[in-house]
Amino acid sequence: MKVTLEFRGGAELLVNGVAQHPVDLDGCKWTVARLLTWIQDNLIQERPELFLQGDSVRPGILVLINDTDWELLGELDYELVENDNVLFISTLHGG
Amino acid sequence: MKVTLEFRGGAELLVNGVAQHPVDLDGCKWTVARLLTWIQDNLIQERPELFLQGDSVRPGILVLINDTDWELLGELDYELVENDNVLFISTLHGG
Amino acid sequence: PDKHQHPLNHREVARYSRQLILPEFGPEGQRKLSSTSVLIVGCGGLGCPAAIYLAAAGVGRLGLIDYDTVELNNLHRQILHTEGRVGVAKAVSIALSVKALNSHVELVPYEVVLTSQVALTIISKYDIVLDCTDNVATRYLLNDACVLGNKPLVSGSALRYEGQLTVYHHNGGPCFRCLHPKPPPPETVTNCSDGGVLGVVPGMIGCLQALEAIKLASGLGTPLSRKLLLFDALQGTFRTVKLRGGRSDCEVCGETPTITKLIDYEQFCGAAATDKEKGVQLL
Amino acid sequence: PDKHQHPLNHREVARYSRQLILPEFGPEGQRKLSSTSVLIVGCGGLGCPAAIYLAAAGVGRLGLIDYDTVELNNLHRQILHTEGRVGVAKAVSIALSVKALNSHVELVPYEVVLTSQVALTIISKYDIVLDCTDNVATRYLLNDACVLGNKPLVSGSALRYEGQLTVYHHNGGPCFRCLHPKPPPPETVTNCSDGGVLGVVPGMIGCLQALEAIKLASGLGTPLSRKLLLFDALQGTFRTVKLRGGRSDCEVCGETPTITKLIDYEQFCGAAATDKEKGVQLL
Ligand SMILES: [Zn+2]
Ligand SMILES: [Zn+2]
């Protein structure tokens with residue numbers, strides 16, 4: 001299943017500084033929970049605790065699925081479909 | 001065939017000040033040329049010469065089909081498909 | 001008598017003529033704006049453009065909070081300060097620039113740190129609050145104070161080449177805590193001193209904060225509530241994403257809030273309420 | 001010796017430290033910016049934010065063209081002017097504000113009408129041109145002059161609650177004439193005097209013009225060429241649409257141009273090169 005993963009607002013620094021990651025996931029049943037583990041195993045270079053905390057993303061990162069807050073879509077339980085875009089955005093605090 | 005017509009940058013003043021017009025066109029073969037005539041007959045309230053000049057839009061209005069310049073898509077000859085978005089935007093000059 | 005109903009005087013008609021002829025704004029919008037007070041918290045990269053555009057448009061009263069003084073390294077983005085005012089309080093410096101443009105706006109500079117002790121008192125005097133700060137602790141403090149004081153909070157932020165903007169606690173939308181119940185680990189937070197920022201990025205976001213405040217004050221258009229605007233200066237792209245509504249279980253704006261007065265936010269965040277340089281070697 | 005290679009001095013490192021630590025910008029970006037000259041045509045609602053953010057970032061030389069003087073009705077959007085400078089030339093007024101922020105930028109105010117007689121001579125002295133004007137005739141003039149002088153043209157415009165932005169004549173992209181071979185009928189053109197404008201809209205677009213110029217000067221990111229940004233302040237939305245490339249049959253930038261020197265643009269457009277009020281009753 002092809003999906004696009006995006007990392008912005010500084011979160012891209014966890015994945016080699018690259019914002020867009022088109023990926024092809026094996027099989028068809030992928031919850032966001034499973035995706036997070038896959039990202040930790042396959043994309044995060046170092047310091048995984050800066051991305052995950054427990055079984056979810058660490059505080060300060062928002063997850064948007066097709067530009068909609070994952071909280072409206074079931075969070076960890078949401079099941080990905082072909083061509084989904086999942087955006088991980090680190091909240092900025094500078095001014 | 002359902003398409004969305006949009007008028008911006010002041011062009012909305014030609015169509016009652018309303019920017020978005022979802023319309024349902026009879027039949028299936030609609031070129032942009034035919035659409036322009038339809039708009040003139042059905043949406044333009046007054047002073048049609050401020051929208052059309054000859055068989056095309058008057059100078060100063062850009063036409064974007066699904067956010068792409070119509071010049072890249074065949075201009076008057078482009079054939080509309082279901083759910084197309086056609087944006088007429090008047091170029092602004094203020095500063 | 002309704003304070004919005006006073007007729008505009010000749011000076012106001014002359015000065016604001018270009019916005020008075022906007023049909024949706026008009027004299028009514030101008031009256032609403034001139035009877036609105038806006039508090040700008042942070043007189044830096046976001047606060048400068050926000051303050052000058054609000055003053056230009058004719059907001060009635062502008063509160064300006066900053067404990068800090070102007071430094072030379074501020075001037076690449078903080079456009080209301082000047083070389084001659086290095087060392088002057090930022091709140092005073094902004095007030096001087098704003099007054100030169102529009103002497104009819106009431107200006108209230110506060111040279112204080114926004115603490116849990118003073119926040120509610122100050123905020124209670126304003127209709128709309130702009131978060132133009134630069135650190136996590138103050139952002140939580142300001143959020144909670146705006147929820148407790150029931151004021152809409154126009155929140156902007158900028159770092160490197162990116163900016164973010166939303167309106168919190170407005171019309172059923174979320175507050176900052178609804179999105180972020182727990183503070184980020186301090187080591188994940190980068191500020192402009194450490195991470196840098198292209199000056200025009202807070203410029204853009206500060207302008208948008210002024211716009212959102214004008215929209216809230218005058219009732220024009222659709223405020224950016226339940227939506228988050230993401231700006232990427234390198235690509236020149238803007239993206240608006242849809243946010244959750246206010247959470248019923250939010251600790252401060254939910255149905256049974258546990259935060260009913262302001263707490264110690266530096267302790268809560270494990271980080272200081274400052275964006276000061278920590279002696280990092282830059283080059 | 002390459003003019004980009006001079007080492008930054010202590011003052012520059014101190015002043016620009018927050019952008020020097022941006023990895024993609026760095027000392028090299030700063031050197032490129034400080035060796036770039038930008039011409040701002042129009043010292044009004046677009047020119048003010050564009051000028052101050054370019055100066056803040058450390059552009060080398062800034063040309064400022066405007067024949068007009070400051071009026072009270074400018075101050076709702078033209079944020080570098082002041083009440084005390086009503087009646088002063090706008091180009092001089094902007095220069096005064098910019099100099100107070102950054103005295104190291106070379107400022108060249110031109111109190112002239114941009115005419116076909118002077119345009120090419122002035123433009124030839126600059127690397128990048130910003131169209132911050134307010135009328136169709138000057139926009140065609142500036143376009144043709146930038147094509148003939150081979151300079152990228154960062155074009156911004158604003159009216160009522162909407163703004164538009166693009167970069168013309170850059171890297172195979174279109175010029176203004178490629179999009180608009182014929183001028184609009186004069187009766188379809190609305191200016192800010194007649195149609196009004198919310199001040200923060202040119203504020204946003206002017207900031208974006210500064211950003212595009214910084215990107216062109218430093219080589220950062222992707223310039224907004226072959227793309228047009230549409231900003232709607234009421235909805236708070238931004239939309240980027242894809243434009244045609246340069247047209248091979250364009251009269252000025254095409255393969256066999258028929259316009260090889262500047263023409264009479266007021267005659268071509270059937271409209272004057274001014275945004276002056278025509279005595280319309282406003283209220
Ligand atoms: Zn909440
Ligand atoms: Zn051309």
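Residue numbers start from 1 in every chain, and the chains themselves are labelled A, B, ... in the order their sequence lines are given, proteins ahead of strands.
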Pick one of side chain, backbone, both or neither for [X], based on which atoms fall under 4.5 Å of a heavy atom in chain B.
X        : answer
D:Asp131 : neither
D:Val189 : side chain
D:Arg244 : both
D:Gln78  : neither
D:Ile205 : neither

Does the side chain of [Y] come within less than 4.5 Å of [X]'s, by heavy atoms?
X        : Y        : answer
D:Leu228 : B:Asp69  : no
B:Glu71  : D:Arg247 : yes
D:Pro185 : B:Glu49  : no
B:Asp67  : D:Lys242 : no
D:Asp134 : B:His93  : no

Subject >> Top of B:Gly60, B:Ala11, B:Gly10 for chain D proximity - count of heavy-atom pairs under 4.5 angstrom >> reply: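 Looking at each of B:Gly60, B:Ala11, B:Gly10 in turn, B:Gly60 comes out on top.
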Original post:
Among D:Leu243, D:Leu46, D:Leu159, which has the most heavy-atom pairs under 4.5 Å with chain B?
Top reply: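 Of D:Leu243, D:Leu46, D:Leu159, D:Leu243 has the most heavy-atom pairs under 4.5 Å with chain B.
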Subject >> Options D:Ala158, D:Pro184, D:Gly156, ranked by heavy-atom pairs under 4.5 Å with chain B, top entry >> reply: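 Among D:Ala158, D:Pro184, D:Gly156, the one with the most close pairs to chain B is D:Ala158.
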**OP:** Counting only heavy atoms closer than 4.5 Å, note whether B:Leu87 contacts chain D via side chain, backbone, both or neither.
**Re:**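 For B:Leu87, side-chain heavy atoms alone lie under 4.5 Å from chain D.
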Original post:
Is it the side chain or the backbone of B:Arg8 that comes within 4.5 Å of chain D heavy atoms, both, or neither?
Top reply: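 Both parts, backbone and side chain.
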Counting only heavy atoms not in [X] (residues, nucleotides, ligands), do more than 12 fall under 6.0 Å from its [atom1]?
X        : atom1 : value
D:Glu255 : CD    : no
D:Lys151 : NZ    : yes
B:Asp41  : CG    : yes

If you measure from [atom1] on [X] to [atom2] on [Y], what distance do you get to the nearest 0.5 Å?
X        : Y        : atom1 : atom2 : answer
B:Leu92  : D:Asn191 : CG    : CG    : 12.0 Å
D:Arg239 : B:Ile89  : CZ    : CD1   : 7.5 Å
B:Ser90  : D:Gln164 : OG    : CD    : 7.5 Å
D:Leu230 : B:Leu64  : CG    : CG    : 7.0 Å
B:Thr91  : D:Leu179 : OG1   : CG    : 7.5 Å

Original post:
Tell me the ring-ring contact (aromatic ring centres under 6.0 Å, His included) pairs involving residues 171-198 of chain D, sequence neighbours left out?
Top reply: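 Applying ring-ring contact (aromatic ring centres under 6.0 Å, His included) to every pair that reaches into residues 171-198 of chain D, excluding sequence neighbours, yields D:Tyr140-D:Phe176, D:Tyr168-D:Phe176, D:Phe176-D:His180.
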Original post:
So, for B:Pro59 and D:Lys182, which heavy atoms are closest and what is the spacing to 0.1 Å?
Top reply: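 What the structure gives for the nearest pair is CB-O, 3.4 Å.
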